[in-house]
> 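Okay, handing you the structure first.
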Amino acid sequence: MKFSTSLVASLLASVACAVPHGPGKPPGPPAPPQPRGPATLSRLASQTPKNTLPPPTGLQLKYVMLGIGTQNYTCTPGNDTAVPGTTGAVATVYDIGTRLNTDPMAQWKIGSISGLALSLSAYPKILEGYLQSQGYQKILGQHYFTQTTPTFSLNKVLPLPYPIAFVTKDDAMDAPKSSCPGTKNEGAVKWLKLSDKDGRSQGAVNTVYRLETAGGSNPPTCKGMKATFEVPYAAQYWVYGPTS
Ligand SMILES: *[C@@H]1O[C@H](CO)[C@@H](O)[C@H](O)[C@H]1NC(C)=O
Ligand SMILES: *[C@@H]1O[C@H](CO)[C@@H](O)[C@H](O)[C@H]1NC(C)=O
């Protein structure tokens, strides 16, 4: 499907998340599409969204991925005071880093990609059109939980064996107030620093930052909720590993 800016503009007219919150207005019109950059993301590494998480000291930025999927929760139906439990998340992860690394507009785009993608995720064809138009359509793999372990399987990345990270939470911070609160105003999930669990990760990746979150939060109580339910979210996963 051809990406229609006017169609998207009209669809998004009522969607708060489409409003970028980058550092001010971009200078002049959008730049033309850039060629594919080198495999290293050194330029983009200096544009990591500002956060208060411990820095990735001594590590190299390997991938910047857009995750679109759901955060899954459980509830005891009928218990209006119980707090929902979390059972994990499922998301498809797309390569946004390759393009952003050579995009002079990256600084202004980074802050709006997650909210925009989440807003469009209800319209798969339009989402696809948006991703295509920006060069973000390449799927790297999946994010899911292996039992209770957050897992990032980049199973579309060659050569084999593909990178896979099994991680655990190191640190967290609230998402900034300007974050997209989600399709039903659920609130943006926390930003996290996740790092390798028990040396199980492979393929030169060992640390994942969840940044630029949109939606995904659980309601405060189980009131009116089913036994299991999902909350749509999008986030950026900034993936690091040992320098090569
Ligand atoms: C409801 O949930 C609260 C908080 O988790 C718990 O203390 C309480 O025992 C639960 N009540 C019932 C009837 O399960
Ligand atoms: C989360 O929800 C998705 C979509 O229904 C489902 O496929 C997946 O198995 C669930 N995952 C977990 C960990 O609950």
Side-chain angles (χ1 to χ4, degrees), residues 14-17 21 49-56 65-93 111 113-122 127 141-153 164-201 205-239:
S14 59
V15 180
C17 298
H21 62 271
K50 273 208 184 66
N51 65 77
T52 57
L53 300 166
M65 321 191 293
L66 170 66
I68 308 173
T70 64
Q71 296 282 329
N72 296 13
Y73 297 101
T74 56
C75 265
T76 313
N79 187 338
D80 287 359
T81 59
V83 175
T86 175
T87 56
V90 186
T92 301
V93 293
I113 293 171
S114 301
L116 187 52
L118 179 62
S119 304
L120 294 178
S121 62
L127 173 64
Q142 271 77 41
H143 169 47
Y144 53 88
F145 276 55
T146 309
Q147 277 115 41
T148 58
T149 304
T151 306
F152 297 86
S153 169
I164 187 163
F166 298 96
V167 294
T168 183
K169 184 162 61 179
D170 268 358
D171 220 318
M173 61 175 270
D174 286 339
K177 290 207 165 37
S178 57
S179 303
C180 170
T183 50
K184 295 192 185 125
N185 210 28
E186 298 93 342
V189 285
K190 286 178 187 285
W191 290 19
L192 304 175
K193 181 186 183 188
L194 304 153
S195 63
D196 176 72
K197 187 176 181 182
D198 306 327
R200 288 166 64 202
S201 302
V205 294
N206 61 16
T207 302
V208 180
Y209 286 79
R210 182 176 79 183
L211 307 172
E212 296 293 347
T213 53
S217 290
N218 55 286
T221 70
C222 285
K223 194 172 181 188
M225 302 314 293
K226 294 190 187 139
T228 63
F229 61 96
E230 294 150 19
V231 180
Y233 87 108
Q236 290 171 28
Y237 295 103
W238 290 57
V239 182

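Note that ligands are numbered from 1 as they come in the structure, with each ligand's atoms numbered from 1 the same way.
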> Under 4.0 Å from atom 2 (O) of ligand 1, can you find at least one protein heavy atom?
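Protein heavy atom within 4.0 Å of atom 2 (O) of ligand 1: present.
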> Among protein heavy atoms, which sits nearest to atom 4 (C) of ligand 1, and what does the distance come to when rounded to 0.1 Å?
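Ranking protein heavy atoms by distance from atom 4 (C) of ligand 1, first comes A82 CA, 3.9 Å.
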> Under 3.5 Å, is there a donor on one side chain and an acceptor on the other for D170 and S195?
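A donor-acceptor contact under 3.5 Å links the two side chains.
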> Show me, pair by pair, the donor-acceptor contacts under 3.5 angstrom made by side chains of residues 214-224, not counting sequence neighbours?
from: S217; atom 1: OG; to: G187; atom 2: O; distance (Å): 2.9
from: S217; atom 1: OG; to: A188; atom 2: O; distance (Å): 3.4
from: T221; atom 1: OG1; to: D80; atom 2: O; distance (Å): 3.4
from: T221; atom 1: OG1; to: K223; atom 2: N; distance (Å): 3.3

> Run the ring-centre check on F152 versus Y237 and record whether the distance is less than 6.0 Å.
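Between Y237 and F152, which both carry aromatic rings, the centre distance is below 6.0 Å.
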> Using the test side-chain contact (heavy atoms from CB on, under 4.5 Å), find all partners of K190 that sit at least two apart in sequence or belong to another chain.
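Counting only residues at least two positions away or on another chain, K190 forms a side-chain contact (heavy atoms from CB on, under 4.5 Å) with A172, D174, L192, R210.
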> Checking a contact table here: which protein heavy atom is nearest atom 6 (C) of ligand 1, and how many Å away?
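The answer is N79 ND2, 4.2 Å.
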> Hey, is atom 9 (O) of ligand 1 touched by any protein heavy atom at less than 4.0 Å?
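For atom 9 (O) of ligand 1 the answer is no, since every protein heavy atom stays at 4.0 Å or beyond.
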